[in-house]
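Convention: sequence-line order gives letters A, B, ...; per-chain numbering from 1.
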There are 2 protein chains.
Amino acid sequence: MTGEQTEKPGRKPRIRDAEATKARILDAAKKEFAKNGLGGARVDDIAEKAKANKRMIYHYFESKEGLFQTVLEDAYLDIRSAEQKLHLEDLDPKAALEKLVRFTWEYYLKNPEFLTLVNSENLHRAKHLKKSEIIKVSSRKLVNMVASILERGVKAGLFRSGVDPVQLNITIAAVGYYYLTNRFTGTIIYERDLMAKDALEQRIQFNIETIMRLVTV
Amino acid sequence: MTGEQTEKPGRKPRIRDAEATKARILDAAKKEFAKNGLGGARVDDIAEKAKANKRMIYHYFESKEGLFQTVLEDAYLDIRSAEQKLHLEDLDPKAALEKLVRFTWEYYLKNPEFLTLVNSENLHRAKHLKKSEIIKVSSRKLVNMVASILERGVKAGLFRSGVDPVQLNITIAAVGYYYLTNRFTGTIIYERDLMAKDALEQRIQFNIETIMRLVTV
DNA sequence: TAAAGAAGTAACTAGTTAGTGCGTTAATTG
DNA sequence: CAATTAACGCACTAACTAGTTACTTCTTTA
């Protein structure tokens with residue numbers, strides 16, 4: 001009676017979809033790596049959360065580190081792509097710079113996993129990111145965009161000259177990143193709820209002020 | 001000749017020394033936790049590096065997390081203590097602020113373990129630091145010091161009023177911390193050796209400029 | 001439609017890891 | 001000097017963990 005094809009009432013039909021499974025694994029992995037770091041993440045937990053078999057992880061990503069690398073690369077590509085969609089070149093220099101500062105802040109706020117992934121990667125001395133050429137290319141675009149905003153600002157007599165676009169880029173990231181990645185220790189050290197709605201509002205205003213004063217003549 | 005016991009010439013110094021063993025464990029643990037994070041650190045490796053038996057770690061610190069907590073607390077106490085030794089109250093507002101920016105940068109540069117420990121603690125939502133009252137007290141002193149510098153600067157007509165000392169404190173830390181903790185990914189993203197001597201020199205100048213422009217009238 | 005191949009699974013392995021039980025040895029004290 | 005206390009070490013374990021083997025089930029296509 002083994003050849004019986006009639007489906008049992010409680011049995012779900014097994015749907016096969018490689019892309020969907022891959023995506024579920026990547027999504028679960030992103031959360032797990034962000035929550036526990038590369039070392040603390042558990043492959044079994046990722047498989048369970050993704051509703052996939054652990055074997056599939058090794059089938060699609062070769063190893064735990066291979067999975068981490070893909071997660072990290074995707075995360076960088078996502079923020080770089082979102083930055084390009086801002087079309088800062090269509091705005092006047094001041095508005096463009098403010099929009100970038102605001103965007104960076106809001107992206108970190110809405111995607112806290114990005115911060116933890118980057119921290120984790122730095123703990124491992126960027127060994128995974130080193131292998132990625134596409135990340136370099138897409139980052140170059142961002143630096144060029146900031147350089148262009150600065151140039152236009154100088155020409156318009158709004159910004160002082162001599163500001164290094166790389167340093168500016170780093171600083172725009174820094175004032176948001178540090179506040180948010182260290183929000184837990186920060187809340188204790190400064191005895192203030194750094195994640196309260198008005199605290200966040202105050203911080204983004206402070207960051208805009210910081211960057212604007214930095215470039216203004 | 002006061003403390004001189006009846007020590008025989010050829011005799012080795014004390015083989016048993018609880019304080020020395022504790023100190024060796026803490027030192028080894030700091031390095032191991034900084035290098036691999038709390039999750040990635042190995043208790044066996046710490047014991048080996050400390051030239052102590054693993055049993056001693058559990059004897060003195062109860063658990064891996066107990067050891068981490070002590071390491072973290074010591075790290076915070078060290079930077080807070082160093083900050084107090086700057087005697088910023090003896091300097092004029094501008095010099096005091098610049099000295100603090102420079103000190104913060106140099107402390108991070110010389111003590112990169114501090115950055116990784118703080119990152120690790122934030123990955124764990126500050127569960128260890130939460131338990132420490134002494135950290136809050138010593139941090140309060142720093143915030144008060146910055147508040148006092150700001151006040152003196154405003155009175156002297158050098159600084160604008162309305163700058164939140166907590167936000168300023170956070171920003172002073174941010175511009176150094178982000179650059180250094182993300183030096184590995186940063187070197188790839190910005191295609192520039194961020195740790196080259198002239199790059200470091202350029203960054204500290206940029207940071208001073210950023211903070212000074214932020215508070216100046 | 002049959003065969004190939006891709007998607008998916010359960011159970012396993014070999015190595016690792018935090019934490020301990022219990023005995024030994026050095027220093028202190030009555 | 002004996003008794004006590006504290007420092008120290010060996011060897012173990014129970015649980016965990018990345019990665020694999022060997023298999024079944026579904027989908028595509030010649």
Over how many whole Å does the gap from B/Ile57 atom CD1 to D/dG9 atom C1' extend? 13 Å
Does A/Ala41 reach a base, just sugar-phosphate, or nothing at all? Heavy atoms under 4.0 Å. sugar-phosphate
Check every atom of C/dT17, D/dA18, C/dA26 against the side chain of B/Arg16 and return the nucleotide holding the closest atom. C/dA26
Check: residues 40-61 of chain A side-chain donor-acceptor pairs under 3.5 Å, at least two apart:
residue, atom, partner, partner atom, Å
A/Arg42, NH1, A/Gly39, O, 3.3
A/Lys49, NZ, A/Glu32, OE1, 3.2
A/Asn53, OD1, A/Arg55, N, 2.9

Nearest whole Å is fine: how far is C/dT17 C1' from B/Asn36 CG? 14 Å
Between the side chains of B/Glu121 and A/Thr185, is a donor N or O closer than 3.5 angstrom to an acceptor N or O? no
Give one of base, sugar-phosphate or nothing for B/Tyr60, where a contact means two heavy atoms less than 4.0 Å apart. sugar-phosphate
What is the distance from CE of A/Met56 to P of C/dA10, rounded to the nearest Å? 12 Å
Classify the side-chain pair B/Asn207/B/Arg203 by whether it contains a donor and acceptor separated by less than 3.5 Å. yes
Taking CD1 in B/Ile134 as the centre, count heavy atoms belonging to other residues, nucleotides or ligands within less than 6.0 Å. Is the count above 12? no
Could you state the atom-to-atom distance from NZ of B/Lys51 to C1' of D/dG9 in whole Å? 17 Å
Within this structure, what is the CZ-to-P distance between A/Phe61 and D/dG19, rounded to whole angstrom? 14 Å
Check the distance between C/dT17's C1' and B/Glu32's CD and give it to me in whole angstrom. 13 Å
Picking from C/dA7, C/dA10, D/dT17, which would you name as closest to the side chain of A/Arg55? C/dA10
Nearest-angstrom distance from the residue atom NZ of B/Lys64 to P of C/dT16: 16 Å
Base of D/dG9 paired with side chain of B/Lys54 (donor-acceptor, under 3.5 Å): no
Integer-rounded Å distance: C/dC12 C1' and A/Asn53 CG: 13 Å
With the side chain defined as heavy atoms from C-beta on, A/His59 is closest, among C/dA7, C/dG19, D/dA18, to C/dA7
For D/dT17, take OP1 and OP2 only and decide whether either is under 4.0 Å from a side-chain N or O of A/Tyr58. no
Any side-chain N or O of A/Thr21 less than 4.0 Å from the OP1 or OP2 oxygen of C/dA7? no
With rounding to the nearest 0.5 angstrom, report the CD1 to CG distance, B/Ile188 to A/Leu129. 4.5 Å
